[in-house]
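One structure below.
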Amino acid sequence: MSAPEGRELAYAKINLSLDVLGVREDGYHELAMVMATVDLADTLIFRHEGEGLRVESQVSFLPTDRTNLAAAAAIAFQKATGRTIEPLMIQMDKHIPVCAGTAGGSSDAAAVLRYLNRVTGAELSLQELQTIGERVGSDVPYCIMGGTALAEGRGERLTALPPLPQCAVVLCKPNFSVSTPALFAQIDRCKIRRRPDTNGIVAALQAQDLQGVARRLYNVFEDVLLVRQKRTVESIKNTLVNQGALGAAMTGTGPTVFGLFSEVTAAEAAYKELAEYYPNTFLCHTV
């Protein structure tokens with residue numbers, strides 16, 4: 001395949017709600033999530049030069065072999081379509097924090113699939129591209145689609161929803177990471193006592209009621225964090241709300257916390273306060 005240098009943005013996501021409904025026969029968990037895209041993004045640069053398939057990033061601890069989701073997506077695309085993709089260098093300029101519940105790796109994979117679909121002339125439909133993405137990771141189909149959506153099953157059953165009303169979003173990743181397998185194991189051992197109002201969030205989105213969405217934000221994983229982690233997450237949420245957030249919650253399996261703001265000045269104040277303690281703090285907006 002021969003093509004000039006290309007670029008693709010890979011946007012972060014937030015979970016307006018996250019519910020775990022049980023364990024499926026295939027070992028995966030049955031989920032119900034409302035997700036939205038924000039404009040915090042990685043930039044992927046594609047160069048068709050050299051030999052083979054290569055991945056580069058300024059983040060030293062990210063894998064650069066075929067275990068990287070961007071590379072895995074390229075391989076899955078080639079297998080599914082028979083299109084030649086090599087030589088291909090994928091250079092990732094990372095801005096989305098890693099292992100943070102914001103789908104950084106999944107969004108990178110989705111960006112690779114969108115790019116290859118365009119430059120190879122495969123012209124796969126959105127659904128066909130999502131089917132390939134599902135083989136790479138559970139969040140990849142959503143990241144291909146983007147916007148605001150209800151995700152069910154493993155995350156692959158998607159229903160487009162009206163967009164989250166325009167607002168400022170402050171994202172803050174604490175100075176620790178959370179093990180996703182450990183968190184799922186923990187939630188399997190306990191009784192979930194509180195669940196998000198998924199239907200209420202969907203109704204609020206249909207009414208374009210930002211406050212209605214914000215007051216229903218909830219993520220069941222917040223209740224199964226380690227005590228120290230939970231205290232930090234609660235502290236960040238309190239800071240966001242005290243600075244004027246309409247609501248705040250943890251996204252994904254965490255530990256990143258976000259707040260929704262109708263006033264940009266309030267969001268800027270929250271960003272400045274949190275950034276003093278947490279380097280991975282971002283002021284962004286809905287997409």
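- For residues 238-262, no pair satisfies salt bridge (Lys or Arg N to Asp or Glu O under 4.0 Å), with sequence neighbours left out.
- Side chain to side chain, T120 and R83 fail the donor-acceptor criterion of an N or O pair below 3.5 Å.
- In this structure, the side chain of R195 engages the main chain of V20 through a donor-acceptor pair within 3.5 Å.
- With hydrogens and angles ignored, the 3.5 Å screen pairs a side-chain donor or acceptor of N219 with a backbone N or O of M250.
- Crowding of Y28 atom OH: a count of heavy atoms from other residues, nucleotides or ligands under 6.0 Å not exceeding 12.
- Counting non-hydrogen atoms of other residues, nucleotides and ligands closer than 6.0 Å to CD of Q166 gives a total above 12.
- Listed by first and then second residue, the side chain to side chain donor-acceptor pair (under 3.5 Å) pairs involving residues 224-233 amount to none (not counting sequence neighbours).
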> Checking side chain to side chain contact (heavy atoms under 4.5 Å, CB included) for the pair S262/C167: CA distance, chi angles, key distance, verdict?
Replying inline: CA-CA 5 Å; S262 58; C167 62; 5.8 Å; no

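- Residue K272 holds its NZ atom at 10.5 Å from CD of Q243, rounded to the nearest 0.5 Å.
- The side chain to side chain contact (heavy atoms under 4.5 Å, CB included) test applied to A151 returns M33, M35, L158, not counting sequence neighbours.
- Take F184 and apply the ring pair (Phe, Tyr, Trp, His ring centres under 6.0 Å) test, not counting sequence neighbours, and it matches H29, F221.
- Contacts classified as side chain to side chain donor-acceptor pair (under 3.5 Å) and involving residues 62-74 (residues at least two apart or in different chains) are given here: D65-T67, R66-E86.
- The CZ atom of R24 lies 5.5 Å from the CD atom of E30; values are rounded to the nearest 0.5 Å.
- Residue V287 is found in a hydrophobic cluster whose other members, listed by chain and number, are L9, Y11; membership requires side-chain heavy atoms under 4.5 Å apart, directly or through intermediates.
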Side-chain donor-acceptor pairs of residues 125-136 under 3.5 Å, sequence neighbours excluded:
residue	atom	partner	partner atom	Å
S125	OG	E128	N	3.1
S125	OG	E128	OE1	3.3
E128	OE1	S125	N	2.8
Q130	NE2	P141	O	3.3
T131	OG1	Q127	O	3.0

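- Hydrophobic side-chain contacts under 4.5 Å tie V34 into a cluster, directly or through other members, with I14, L16, V38, L40, I96, L150, L161, L164, V169, L171, I201, V202, L205, L210, V213, L217, L246, F258, L260, F282.
- Note that OH of Y271 is 11.0 Å distant from CD of E276, once rounded to the nearest 0.5 Å.
- Sorted by first and then second residue, the pairs that involve residues 100-117 and meet salt bridge (Lys or Arg N to Asp or Glu O under 4.0 Å), not counting sequence neighbours, are E8-R114, K94-D108.
- No more than 12 heavy-atom neighbours from other residues, nucleotides or ligands sit within 6.0 angstrom of CD on E123.
- With sequence neighbours left out, the side chain to side chain contact (heavy atoms under 4.5 Å, CB included) criterion links E51 to no other residue.
- Residues passing the side-chain hydrogen bond (donor to acceptor under 3.5 Å, both in side chains) test with H95, sequence neighbours excluded: D93.
- There is a side-chain donor-acceptor pair under 3.5 Å between R47 and Q91.
- Not a single donor-acceptor pair under 3.5 Å links the side chain of T148 to the backbone N or O of P163.
- Of the possible polar contacts, none joining the D19 side chain to the P196 backbone as a donor-acceptor pair under 3.5 Å is found.
- Note that OH of Y277 is 12.0 Å distant from SG of C172, once rounded to the nearest 0.5 Å.
- Taking CG from N175 and OH from Y278, the interatomic distance works out to 6.5 Å, rounded to the nearest 0.5 Å.
- Only one option out of D197, T198, D223 pairs with Y218 in a side-chain hydrogen bond (donor to acceptor under 3.5 Å, both in side chains); it is D223.
- Every residue meeting the side chain to side chain contact (heavy atoms under 4.5 Å, CB included) condition with N238, not counting sequence neighbours, appears here in chain and number order: N242.
- To the nearest 0.5 angstrom, K13 atom NZ is 10.5 Å from S107 atom OG.
- Side chains of S106 and Y142: a donor-acceptor N/O pair is absent below 3.5 angstrom, by distance only.
- Looking only at side-chain heavy atoms (C-beta outward), P255 and K173 come within less than 4.5 Å of each other.
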